[in-house]
Amino acid sequence: YNEYKSYLSYGQPRTCYSKCDRMTDYAEEQANELEALESIYVNELEIISQDPIIFTIIIPCEIQDTEIGKEPKRFSVKLKFILPEEYPDVPPSVEFVESSEVDEDFQKTVLLELNKLAEEELGCVMVFTLVSEVQEKLNEWSDGVYEKKLKEKEEKDKTPVFHGTIVTKENFTEWKEKFILERNMKKVKVVTDKLTGKQIFMLKKDQGIDLSEEFIGELEEDVEVDESLFNEELEDIVVSDSD
């Protein structure tokens, strides 16, 4: 960076030249800038062509993980620069060539910002300035992604997790039938597995519950009636001679 800064200033405060008073030709100035960029972006810069000068620069970035102790997600974007013959009096062509992590909206927004910045920098070598601008935008974008994920995690931690069985038509019908059966069985207070004749009689008379075979059991076997259950009532009945 110091070499690049030194090159920009020509040993004195940075000066931008117009076409009329430029001291060096474009080719020499572009070559000097490219040499300075190579010393800064040793592993990130790749020269594609010398005439015209075309090169790419990789810009690294990372997104912090919301889990403490986990490594951040690292990614990079690659910018392609094409220097016109009259650069830096004419802005360079800049485009994203590798940027799978960031979306198209982000790319369009950044390129618009670069175009405005390049217009302000006309007459001065500007590649390092443009790359720094992209780096800053990437950092802001990655911070935004982290903040969004952190907020989502906090909201998720606040929401209780329900553990249960997914309700389907089949298991709901099964539950409903079981529920009705248990409710009715509680009403009649059945102790044995089958109802006695007296219990059935009393239910029909007092409770008004419609009992199906599902509730009183399958009546495939003969039902034995305990007559003693009715003895007390029968003893109190007086039959007249006329009857």
Side-chain angles (χ1 to χ4, degrees), residues 1-9 14 16 30 33-49 52-84 87-163 166:
Y1 172 75
N2 290 333
E3 289 186 37
Y4 189 76
K5 186 176 180 181
S6 175
Y7 162 67
L8 291 179
S9 63
R14 183 180 178 190
C16 299
Q30 292 175 19
E33 181 183 21
L34 184 58
E35 182 179 352
L37 290 171
E38 285 183 289
S39 67
I40 299 171
Y41 305 105
V42 178
N43 299 316
E44 295 82 9
L45 187 145
E46 179 184 1
I47 299 175
I48 299 174
S49 171
I53 294 180
I54 303 174
F55 56 90
T56 60
I57 295 179
I58 295 175
I59 304 176
C61 194
E62 62 182 30
I63 302 174
Q64 295 296 323
D65 199 289
T66 55
E67 297 294 336
I68 299 176
K70 283 192 175 183
E71 290 292 321
K73 180 179 181 180
R74 295 181 173 85
F75 67 97
S76 63
V77 300
K78 182 184 287 188
L79 295 178
K80 180 180 178 182
F81 290 87
I82 302 177
L83 304 186
Y87 170 85
D89 287 332
V90 176
S93 171
V94 187
E95 63 178 295
F96 286 88
V97 290
E98 289 183 13
S99 54
S100 58
E101 193 67 32
V102 296
D103 56 32
E104 292 186 3
D105 289 339
F106 172 83
Q107 295 177 40
K108 291 178 181 179
T109 301
V110 171
L111 290 177
L112 287 174
E113 293 293 330
L114 293 183
N115 288 336
K116 294 178 182 178
L117 184 57
E119 290 294 329
E120 297 173 1
E121 295 289 322
L122 287 179
C124 305
V125 290
M126 64 184 78
V127 173
F128 179 79
T129 302
L130 299 181
V131 173
S132 299
E133 179 71 11
V134 176
Q135 182 74 72
E136 182 178 347
K137 295 299 182 184
L138 276 175
N139 292 339
E140 292 175 359
W141 179 86
S142 61
D143 289 343
V145 172
Y146 168 74
E147 293 295 335
K148 181 180 179 181
K149 289 185 176 181
L150 184 61
K151 185 176 181 181
E152 290 175 349
K153 181 178 182 299
E154 291 174 349
E155 292 296 328
K156 184 178 180 181
D157 292 341
K158 292 179 182 178
T159 305
V161 179
F162 173 76
H163 298 283
I166 298 177

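Fair warning: this is a prediction, and the values are worked out from it, not measured in the lab.
Here the shortest heavy-atom pairing between Val127 and Glu33 reads N-OE2, 3.2 Å. Minimum interatomic distance between Asn139 and Cys61 (heavy atoms only, all atoms of both residues): OD1-SG, 3.8 Å. Nearest heavy atoms, Trp141 versus Glu101: CH2-O, 3.6 Å. Of all non-hydrogen atoms in Ala36 and Ser39, the two that sit nearest each other are O-OG, 2.6 Å. Here the shortest heavy-atom pairing between Lys137 and Phe106 reads O-CE1, 3.7 Å. The shortest non-hydrogen separation linking Asp89 to Leu122 is O-CD2, 3.6 Å.
From Ile63, atom CD1 reaches atom NZ of Lys148 across 11.5 Å, with rounding to the nearest 0.5 Å. Rounding to the nearest 0.5 Å places CD1 of Ile47 at 8.0 Å from CD1 of Ile53. Between the CD atom of Glu121 and the CG atom of Leu114 there is a distance of 11.5 Å, given to the nearest 0.5 Å. The distance from atom CD of Glu133 to atom CD1 of Ile59, rounded to the nearest 0.5 Å, is 10.5 Å. In this structure, CD1 in Ile82 is found 8.0 Å from CD1 in Ile48, a value given to the nearest 0.5 Å. Taken from CD1 in Ile57 to CD in Glu38, the straight-line distance is 10.0 Å, to the nearest 0.5 Å.
Within the 4.5 Å cutoff, the side chain of Glu95 has heavy atoms near those of the Val97 side chain. Using a 4.5 Å cut-off on side-chain heavy atoms (C-beta onward), Pro92 and Leu130 make contact. The shortest distance between side-chain heavy atoms of Val134 and Ser132 does not fall below 4.5 Å.
With sequence neighbours left out, the salt bridge (charged side-chain N to carboxylate O under 4.0 Å, His left out) criterion links Glu71 to Arg74.
Side-chain atoms of Gln30 come within 3.5 Å of backbone atoms of Tyr87 as a donor-acceptor pair (strictly under, hydrogens ignored). Between the Ser99 side chain and the Val102 main chain, no donor and acceptor come within less than 3.5 Å of each other.
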For side-chain contact (heavy atoms from CB on, under 4.5 Å), just list the numbers for Thr56 and Leu79, CA-CA rounded to whole Å, side-chain angles, deciding distance to a tenth of an Å, and then say yes or no. CA-CA 5 Å; Thr56 60; Leu79 295 178; over 6 Å; no
Show your working on side-chain contact (heavy atoms from CB on, under 4.5 Å) between Leu111 and Phe96 and close with a plain yes or no. CA-CA 9 Å; Leu111 290 177; Phe96 286 88; 3.9 Å; yes
Mind running side-chain contact (heavy atoms from CB on, under 4.5 Å) on Val145 and Glu147 for me, showing each step along the way? CA-CA 6 Å; Val145 172; Glu147 293 295 335; over 6 Å; no
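Screening residues 52-72 for ring-ring contact (aromatic ring centres under 6.0 Å, His included) gives Phe55-Phe81 as the qualifying pairs, with residues at least two apart or on separate chains. Pairs passing the side-chain hydrogen bond (donor to acceptor under 3.5 Å, both in side chains) check and including a residue from residues 108-119, sequence neighbours excluded, do not occur.
Within a 6.0 Å radius of CD in Glu140, other residues, nucleotides and ligands contribute more than 12 heavy atoms.
For Glu62 and Gln64, the side-chain atoms include at least one donor-acceptor pair closer than 3.5 Å. For the residue pair Glu98 / Ser76, no side-chain donor-acceptor distance below 3.5 Å is found, with atom types taken as modelled.
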